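Okay, so here's the structure we're looking at.
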Amino acid sequence: MRRFLTESEEKTITEAIGLAEDKTSGEIRVHIETRCKPDPLDRALEVFYALGMEKTRDKNGVLIYIATDDHKLAILGDEGINKVVPPNFWDAELELMKSHFKQGAFALGIAQAIHDVGEKLKAFFPFQTDDKDELSNDISVGH
Ligand code: CA
Ligand code: CA
């Protein structure tokens, strides 16, 4: 698979996840793959379970899903989040990523979305002193 992000861009995104998770007990992951035939939200759900993201204590994992070639995006939160936030909670972040992606600013778009997702999560799931990093901050790359 050709590289969608440079190594330093990947590092920037991993760091953005770490910074976001310093403010919230929620866990953010990014999954990038090339193609996505089904609805991206359906595919994101598959990836969510494949990555074991349903295993967080407070059910507050969030997956940012990106299919690069098919230009599909989804943001999927676990049930702990969906219970407390309004529907379409992540629309602004999806729009933000789309507008950055249109200009070719992939890493920036993803990093900003991570930041914004973290800010929103913070209101519902503040950082706890006994916090654990329950899910890796590394980007998950599919094919
Ligand atoms: Ca955590
Ligand atoms: Ca994490």
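Whatever order the structure lists them in is the order used to number ligands and atoms, beginning at 1. One is the number of the first residue; the rest follow in order along the sequence. No experiment lies behind these values; they were computed from the predicted model shown.
Within E21, OE1 is the N, O or S atom that lies nearest to the Ca ion (ligand 2). Nearest N, O or S atom of E27 to the Ca ion (ligand 2): atom OE1. The N, O or S atom of D133 lying closest to the Ca ion (ligand 2) is OD1.
When distances to the Ca ion (ligand 1) are checked against a cut-off of 3.0 Å, E134 contributes no N, O or S atom below that limit. Taking 3.0 Å as the criterion, L135 does not count as a coordinating residue of the Ca ion (ligand 1), since none of its N, O or S atoms falls below it. Within the 3.0 Å limit, S136 places no N, O or S atom next to the Ca ion (ligand 2).
Note on E134 versus K55: no salt bridge recorded, every NZ/NE/NH1/NH2 to OD/OE distance being 4.0 Å or above. Ion pairing of K98 with D91 is absent here, as no side-chain N (NZ or NE/NH1/NH2) approaches a carboxylate O to less than 4.0 Å. A salt bridge does not link E79 to K83: none of the charged side-chain nitrogens sits closer than 4.0 Å to a carboxylate oxygen.
Classified by interplanar angle (parallel below 30°, tilted 30° to 60°, perpendicular above 60°), the ring pair F101/F4 is perpendicular.
Seen from the Ca ion (ligand 1), atom OD2 on D131 and atom O on K132 lie at an angle near 70° (rounded to 10 degrees).
In this structure, K120 is positioned above the aromatic face of F89, its NZ or CZ under 6.0 Å from the six-membered ring centre and within 45° of the axis.
Checking side-chain atoms of S25 against main-chain N and O of Q128 turns up no donor-acceptor pair under 3.5 Å.
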